[in-house]
Amino acid sequence: MTTAGAPKEREPLLVVNGLGAGYGGMPALRNVSLEVRRAEIVALVGSNGAGKTTLLRALSRVIPCTGTISFNNDDLVAKTPDEAFATGLVQVPEGRQLFDRMTVADNLLMGAYRRRDRAAVANDLDRMYTLFPRLGERRTQLAGSMSGGEQQMCAMARGLMARPQLLMIDEMSLGLAPVVVEQLMDVLVEIRKQDVTVLLVEQDIHLALSLADRGYVMDTGSIARSGAAKDLIDDPAVREAYLGLA
Ligand code: ATP
């Protein structure tokens, strides 16, 4: 599955150190450190309320945080959400948040709103229809009228239209049929071949670890465990606490 050399050999893209964040004085993240290397798929897993979405919000600079975030050797903490997006850090939000009354094609173009390279945007639109043939068939359909799986495809394609360096996907599999989830996983493997790095946030821990190169397990706002995804799947503590396996 690994295509760009062993993960250890790759250069870090995102380096987070000692990150803290909270809501109204209540801490939701404590001393979180993690690293994502170029062209890796990294899983961020943990149960409900562990702080995964909060971490993505802090990385996207939507909420204040303490600690350091280096992205592509740039200091993200000093940036606004729009500036962070412009550096190539793109979030596919939980619940997709599509423009329901716009067509699939217009939703995808919204992902490219900052780009001025029109010819390349048109090419990327075609590339999305190749990556997600279902979206190609439904390009003129209103996004809000599509199935959950199709909407997730549309949200991922919209994120890719921004030409991200890091695509952070929040709860990709939530509420979707296994067959659709498999198609989405195939797409992640394909986009990684095209050098897009992926941070995959999932409550479905087994799914995420079976796809990822490395993983971080979050528990009540902190990183409880990290390592190669295959080692985490075999880790007795992870198996018992998170996978329901002895
Ligand atoms: P889930 O998968 O259920 O979304 P999560 O791991 O993404 O879980 P977060 O949504 O980051 O967890 O929540 C972490 C903690 O922060 C929880 O205790 C949650 O109640 C709290 N929290 C999240 N959003 C807010 C908010 N807008 N205001 C106050 N507290 C919040």
Side-chain angles (χ1 to χ4, degrees), residues 14-36 41-69 71 76-77 79-82 84-85 89-98 148-149 151-152 155-156 158-159 164 166-178 180-181 184-185 188 197-212 214-227 229 232-233 235 237-244:
L14 174 72
V15 182
V16 175
N17 262 312
L19 201 72
Y23 300 98
M26 288 287 288
L29 294 181
R30 280 180 222 87
N31 197 24
V32 169
S33 297
L34 61 84
E35 193 174 280
V36 179
I41 298 177
V42 171
L44 178 66
V45 298
S47 42
N48 233 319
K52 305 178 299 295
T53 300
T54 302
L55 177 53
L56 294 196
R57 285 194 191 125
L59 296 176
S60 298
R61 304 309 306 117
V62 179
I63 57 168
C65 66
T66 54
T68 64
I69 309 170
F71 183 65
L76 271 198
V77 173
K79 297 199 185 298
T80 62
D82 201 42
F85 180 81
L89 181 123
V90 173
Q91 186 172 346
V92 179
E94 183 175 352
R96 294 125 205 174
Q97 297 180 21
L98 295 174
Q151 291 194 16
Q152 185 62 46
M156 286 166 60
R158 180 182 61 183
L166 177 65
L167 192 66
M168 307 192 297
I169 310 175
D170 198 357
E171 301 294 0
M172 180 183 81
S173 73
L174 200 65
L176 303 183
V180 177
V181 173
L184 298 175
M185 287 167 69
L188 294 187
T197 308
V198 175
L199 181 59
L200 183 63
V201 169
E202 272 288 337
Q203 265 182 53
D204 186 334
I205 296 176
H206 195 271
L207 172 88
L209 292 179
S210 62
L211 175 71
R214 292 187 306 112
Y216 292 86
V217 182
M218 281 196 87
D219 192 2
T220 54
S222 304
I223 303 291
R225 281 225 159 16
S226 63
L232 288 174
I233 289 186
D235 180 332
V238 173
R239 290 175 77 77
E240 195 181 332
Y242 299 100
L243 298 174

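Every number for a ligand or one of its atoms is a count from 1 in the order of the listing.
- Counting the atoms of ligand 1 from 1 in the order shown, those under 4.0 Å from a heavy atom of E94 are 4 (O).
- Of all atoms in ligand 1, listed by their number and element, those nearer than 4.0 Å to a heavy atom of S47 are 6 (O).
- Between the T54 side chain and the A28 main chain, no donor and acceptor come within less than 3.5 Å of each other.
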Next item on the list: Report the C-alpha distance between I169 and M156 in whole Å, list the side-chain angles of each, state the deciding distance to 0.1 Å, and finish with yes or no for side chain to side chain contact (heavy atoms under 4.5 Å, CB included).
Entry: CA-CA 8 Å; I169 310 175; M156 286 166 60; 4.2 Å; yes
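- Look at R225 and D235 and you find a salt bridge, because one of the NZ, NE, NH1 or NH2 atoms lies within 4.0 Å of a carboxylate O, short of that distance.
- Residue contacts with ligand 1: M218 is excluded, as none of its non-hydrogen atoms falls under 4.0 Å.
- Of all atoms in ligand 1, listed by their number and element, those nearer than 4.0 Å to a heavy atom of T54 are 9 (P), 11 (O), 13 (O), 14 (C).
- Close approach of ligand 1 to E171 (heavy-atom distance below 4.0 Å) involves ligand atoms 2 (O).
- Contact analysis leaves M26 out of contact with ligand 1, as no non-hydrogen atom separation drops below 4.0 angstrom.
- Within the structure, the closest approach of G49 to ligand 1 falls below 4.0 Å when heavy atoms are considered.
- Between A50 and ligand 1, an N or O atom pair is found at a separation short of 3.5 Å.
- When each atom of ligand 1 is checked for a heavy atom of R57 under 4.0 Å away, the hits are 24 (N).
- Under the 4.0 angstrom criterion, atom 19 (C) of ligand 1 counts as lacking any protein heavy-atom contact.
- In the vicinity of T53, heavy-atom distances shorter than 4.0 Å reach the ligand 1 atoms 4 (O), 5 (P), 7 (O), 10 (O), 11 (O).
- For the pair G221 and ligand 1, no heavy-atom separation below 4.0 Å is found.
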